[in-house]
Amino acid sequence: MIAALAGGVGAARFLAGLVRVVPPDDVTAIVNTADDDEFVGLYVSPDIDSVTYTLAGASDAVQGWGRAGESFRTLDALGRFGEPTWFRLGDLDLATHLARTRRLHAGEALSAVTAQLAASWGIATRIVPMSDDPVRTRLTVTGADGQLLELAMQEWFVRERCEPPVQGVHFAGAAAARPAPGVLEALDAADTICICPSNPVISIGPILAVPGIRRALEERRERVVAISPIIGGKPVKGPADRLMRGLGIDVSAVGVASEYASVCGTLVIDALDAHLAPAVEALGVRCVVTDTLMRSPEVAADLARRTLAAVA
Ligand code: GDP
Ligand code: CA
């Protein structure tokens, strides 16, 4: 059995490779929900949707999020009414948010709804939100006038295009959140726990902030293997560099290792960063060097195979 801590796009690519090398129903993905938010009254869970659409083979291959063949006619129509349209919700994607929101309003838990939607796609892998309780990433940033202000994750990431410099991050609600049903059980039963190549600050950080999850990894540290999302001092995509720098974390595989050192015994880094292996190992983290840029599902499968072998 394998458990994987997962954010959105980077995680989804890795998981798509993983399920090519192990039976898909051996895998439980524990997914970040701290990016979740409401738009036009609908509950949107971006990382769960990235993982679900990718494992369904239904995601947009170029951008890596949202659905293939998407259109935005409904959003355009909403814009006419003066509704905010900065968060891009596609016509097909809206069906997910409508179904999810209705079921949540009917009293179902996010974990139950997530499982139902994944089953509708025929996905054998278990996709589990980190928690059914609300946890929200809040970023303290410097505004245009130099004042500090607090933004929700999507406000900073999408609306403000990651421009305001980040001074701090916190996960509102985390202290009171409980792991969703199945999370601790999956971590306990796993032969291997993967930390996907996801944003360490705002994808993996919130999962580890749910009480009980960090300790579960610490207790099984020798079975935990992470893949660095930073290659050659840069994220493959997304704002991990801005966030890491803002929090004083070195933007490198070594910075990733220092973030994960207490929870993970092994870090997989890219061949481009081979010279950093001694610095990673100096932190007490075993280092494995391989090709980690997932150009295709085949490369992702090779990466998954090497990742599992690293702790076999
Ligand atoms: P998000 O919520 O959609 O931003 O998704 P994640 O947190 O899962 O993924 C973002 C991280 O994935 C970024 O830091 C990227 O550097 C990393 N990432 C994306 N593609 C790849 C890849 O092919 N290889 C590696 N090593 N990291 C990747
Ligand atoms: Ca995300």
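Computed from heavy atoms alone, side chains included, the values below leave out hydrogens, waters and symmetry copies. Whatever order the structure lists them in is the order used to number ligands and atoms, beginning at 1.
Ranking the protein heavy atoms by distance from atom 28 (C) of ligand 1 puts V236 CG2, 3.5 Å first. Among all non-hydrogen protein atoms, the one lying nearest atom 26 (N) of ligand 1 is S228 O, 2.9 Å. Of the protein's heavy atoms, N199 N, 3.9 Å lies nearest to atom 10 (C) of ligand 1. The shortest contact between atom 17 (C) of ligand 1 and any protein heavy atom is with P197 O, 3.4 Å. At the top of the distance list for atom 1 (P) of ligand 1, counting protein heavy atoms only, stands V9 N, 3.6 Å.
In terms of polar-atom proximity, defined here as any N/O pair under 3.5 Å, L293 makes no such contact with ligand 1. Residue S50 has no nitrogen or oxygen atom sitting less than 3.5 Å from a nitrogen or oxygen atom of ligand 1, judged on distance alone. Residue G10 has at least one N or O atom closer than 3.5 Å to an N or O atom of ligand 1. Between P229 and ligand 1, at least one pair of N/O atoms sits closer than 3.5 Å. Annotation: G8 places an N or O atom under 3.5 Å from an N or O atom of ligand 1; distance criterion only.
For R88 and F72, the positive end sits near the middle of the six-membered ring, less than 6.0 Å away and at most 45° from its axis.
Only one option out of D91, T85, D93 pairs with T74 in a side chain to side chain donor-acceptor pair (under 3.5 Å); it is D91.
Here is the list of ligand 1 atoms found below 4.0 Å of a heavy atom in K237: 13 (C), 14 (O), 15 (C), 16 (O). Remark: ligand 1 atoms within the under-4.0 Å shell around heavy atoms of P235 are 14 (O), 16 (O). The contact set between ligand 1 and S198, taken as ligand atoms under 4.0 Å from a residue heavy atom, comprises 6 (P), 7 (O), 8 (O), 9 (O), 11 (C). When each atom of ligand 1 is checked for a heavy atom of T292 under 4.0 Å away, the hits are 22 (C), 23 (O), 24 (N), 25 (C), 26 (N). Residue A11 approaches ligand 1 through these ligand atoms, each under 4.0 Å from one of its heavy atoms: 8 (O). Taking every non-hydrogen atom of A240 and a distance limit under 4.0 Å, the qualifying atoms of ligand 1 come out as 14 (O). Below 4.0 Å from some heavy atom of D47 lie the following atoms of ligand 1, by number and element: 2 (O).
The closest donor-acceptor contact from the side chain of D270 to the backbone of D273 lies at 3.5 Å or more, if one exists at all. Between the W156 side chain and the P164 main chain, a donor and an acceptor come within less than 3.5 Å of each other. Checked by atom type and distance alone, the side chain of R220 pairs as donor or acceptor with a backbone atom of A190 at under 3.5 Å.
Between R102 and H105 there is no side-chain heavy-atom pair separated by less than 4.5 Å. Counting heavy atoms from C-beta on, the side chains of V44 and D37 never come closer than 4.5 Å.
Residue contacts with ligand 1 for C196 are absent, since no atom lies close enough (heavy atoms, distance under 4.0 Å). Contact annotation for I231 and ligand 1: only side-chain heavy atoms (C-beta onward) come within less than 4.0 Å of the ligand. Proximity of R13 to ligand 1, defined as any heavy-atom pair under 4.0 Å, is confined to the side chain (atoms from C-beta onward).
For atom 23 (O) of ligand 1, a protein non-hydrogen atom is found at a distance below 4.0 Å.
Heavy-atom distances between G238 and ligand 1 stay at or above 4.0 Å for every pair.
One finds no salt bridge joining D76 and R73 here, because no Lys/Arg side-chain nitrogen approaches an Asp/Glu carboxylate oxygen to under 4.0 Å.
Placement of V19 and I227 within a single hydrophobic cluster is found when ILVMFWY residues are connected by side-chain heavy-atom separations under 4.5 Å, directly or transitively. Clustering ILVMFWY residues whenever any of their side-chain heavy atoms sit less than 4.5 angstrom apart, transitively, puts V251 in the very cluster that holds V285.
Annotation: R306, atom CZ; neighbour count of heavy atoms from other residues, nucleotides and ligands within 6.0 Å does not exceed 12. Atom NZ of K234 has 12 or fewer heavy atoms from other residues, nucleotides or ligands within 6.0 Å. No more than 12 heavy atoms of other residues, nucleotides or ligands shown are found within 6.0 angstrom of CZ on R178.
D35 contributes OD2 and D47 contributes OD2; the angle these two atoms make at the Ca ion (ligand 2) is 80°, rounded to 10°.
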Test log, rule salt bridge (charged side-chain N to carboxylate O under 4.0 Å, His left out), inputs E298 and R20: CA-CA 8 Å; E298 292 75 24; R20 287 174 166 234; 3.4 Å; yes
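Counting heavy atoms only, S203 comes closest to atom 7 (O) of ligand 1 of the residues S203, G7, A300.
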